[in-house]
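What follows is a set of notes on a single structure, which appears directly below.
Within every chain, numbering begins at 1; the chains are lettered A, B, ... in the order of the sequence lines, protein sequences first and strands thereafter.
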Protein chains: 2
Amino acid sequence: MASVGKRLPRSVREQQMLDAAIREFAQHGFHAANMDAIAERAGVSKPMVYAYLGTKDELFVACLRREAGRLLEAVAGVVDSDLPPDQQLWRGLRGFFAYVGKHRDGWAVLYRQARSREPFASELAAMRRAMVEVIAERLALALAGHGRSVPAEELESIALALVGAGESLADRLVDTPQEDPERVATRMMGAIWLGAERQLHGEVWRTHQDQSA
Amino acid sequence: MASVGKRLPRSVREQQMLDAAIREFAQHGFHAANMDAIAERAGVSKPMVYAYLGTKDELFVACLRREAGRLLEAVAGVVDSDLPPDQQLWRGLRGFFAYVGKHRDGWAVLYRQARSREPFASELAAMRRAMVEVIAERLALALAGHGRSVPAEELESIALALVGAGESLADRLVDTPQEDPERVATRMMGAIWLGAERQLHGEVWRTHQDQSA
DNA sequence: GACATAACTTACTCGCGCGTAACATTACGC
DNA sequence: GCGTAATGTTACGCGCGAGTAAGTTATGTC
């Protein structure tokens with residue numbers, strides 16, 4: 001890893017520690033992740049980790065904050081509110097998959113680990129809710145442009161489904177390095193956006209074609 | 001919980017233990033879950049749990065197996081392969097949300113816990129892959145009925161997105177007891193199926209409307 | 001009503017791994 | 001170059017909770 005014996009300023013060591021921690025958390029999960037192993041990965045001894053980033057929980061939170069920040073940047077940083085809503089969605093989606101492609105371990109921790117460990121789970125859940133809200137708003141805007149409107153509740157369900165679909169595809173992306181994030185984004189926009197748009201314009205899929213129950 | 005002092009046959013105690021374990025795992029996560037607490041919930045002392053269901057890991061696996069079995073039953077048990085593909089999807093989806101609605105803790109464990117703990121994660125991932133395959137097949141069938149065909153790779157992406165959307169909606173369902181599983185299923189079919197169908201019939205969402213890079 | 005066996009408990013061991021106290025060394029300001 | 005603060009290490013305490021050994025009471029059976 002880092003060449004031995006070299007002394008480094010705190011700011012860069014902290015980043016190395018976060019890198020190391022995220023790898024470890026991603027590979028073994030929070031519980032099985034070993035503080036000694038994290039220290040070793042960072043090319044440093046354990047007490048340094050505690051000195052700089054605190055306990056295991058605090059370290060985990062630090063990882064989450066950094067990755068959540070990067071994700072937010074990747075998504076919100078590329079969206080221009082002057083664009084038409086579907087283009088905003090497209091930009092956000094592309095930014096999202098780009099982040100996942102570049103920081104696979106980070107995404108794995110956010111998605112696979114953080115959801116199961118309180119109190120981080122609530123923090124992440126809040127972020128997710130915010131994302132759903134933003135998407136629902138864009139959908140509403142897209143609708144308004146066509147002179148239609150749809151119950152907010154339904155918009156949120158669609159937005160939530162979009163988010164879930166994105167996470168699912170992101171999850172595959174993590175395990176398949178050869179996959180191109182751009183292509184995934186395009187596929188998703190094709191598969192999902194068309195459906196949302198269609199429903200938003202008033203088409204319904206009719207349950208009662210089903211004969212029974 | 002269970003009235004004190006009563007002795008019960010192994011088969012029923014085991015079910016109580018699994019119920020208890022699933023509640024505990026769902027509430028605290030695998031790591032924070034306490035074997036003594038599980039035993040107490042089941043109205044029994046810890047060595048009984050070890051005698052009947054083995055170590056913590058084995059207990060967890062037992063939980064997963066039971067819930068995965070129930071889920072499979074709820075989904076595959078209601079699908080009739082003589083029905084048209086979209087109806088098969090609809091039945092499966094309804095069964096899925098019905099399971100989640102009835103066994104919220106079970107779903108929480110499957111979805112939020114199992115994904116982060118090897119080696120269970122791989123087992124669940126395999127099950128998920130199988131589900132994606134089945135859905136992709138139905139999509140292909142639906143297509144064939146309209147005389148079209150689409151690359152298998154693309155079909156799988158759509159199926160994967162469907163699964164992710166379902167999981168996401170299921171996850172909300174877990175936290176909102178007033179929500180009706182049937183309604184969630186209908187919404188999802190509306191929001192997603194229409195889009196998949198549309199793409200399957202050859203429509204594409206055009207990336208190059210985007211002006212910049 | 002004995003006796004076998006399944007159901008159940010109390011009361012421990014013990015190791016893993018988080019977290020820290022105490023100490024060492026290098027860089028840098030002045 | 002010398003003090004001092006930041007970077008770094010070794011070696012250990014210690015609690016928590018998984019897992020168990022040994023013993024106890026109910027229950028069904030002939």
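- In this structure, B:L8 places its CG atom 11 Å from P of D:dG28, rounding to the nearest Å.
- More than 12 non-hydrogen atoms from other residues, nucleotides or ligands lie less than 6.0 angstrom from CZ of A:R10.
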Using atom types as modelled, flag every donor-acceptor pair under 3.5 Å from a side chain in residues 78-85 of chain B to any protein atom, sequence neighbours excluded.
unit_1: B:D80; atom_1: OD1; unit_2: B:D82; atom_2: N; d: 2.9

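- In this entry the distance linking CD of B:E40 with C1' of C:dT9 reads 14 Å, nearest Å.
- Taking 4.5 Å as the limit, every side-chain heavy atom of B:E14 sits out of range of all side-chain heavy atoms of B:L18.
- The backbone N or O of A:A161 sits nowhere less than 3.5 Å from a side-chain atom of B:S168 that would complete a donor-acceptor pair.
- A straight line from CD of A:Q16 to P of D:dG8 spans 9 Å, rounded to a whole angstrom.
- The CD atom of A:E24 sits 11 Å away from the P atom of C:dG17 (whole-angstrom rounding).
- What separates NZ of A:K6 from C1' of C:dT25 is a distance of 15 Å, to the nearest Å.
- OP1 or OP2 of D:dT7 lies within a sub-4.0 Å distance of a side-chain N or O belonging to A:Y52.
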Counting primed atoms, P, OP1 and OP2 as sugar-phosphate and everything else as base, the B/S/- map of nucleotides 17-24 of chain D against protein heavy atoms under 4.0 Å is -BBBB---
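- C:dT20 atom P lies 15 Å from atom CE of A:M48, rounded to whole Å.
- Under the 3.5 Å distance criterion, with hydrogens and angles disregarded, no donor-acceptor pair is assigned to the side chains of A:E73 and A:Y99.
- The closest side-chain heavy-atom distance from A:P181 to A:L173 is below 4.5 Å.
- Put simply, B:R13 has a side-chain N or O that comes within less than 4.0 Å of OP1 or OP2 on C:dC8.
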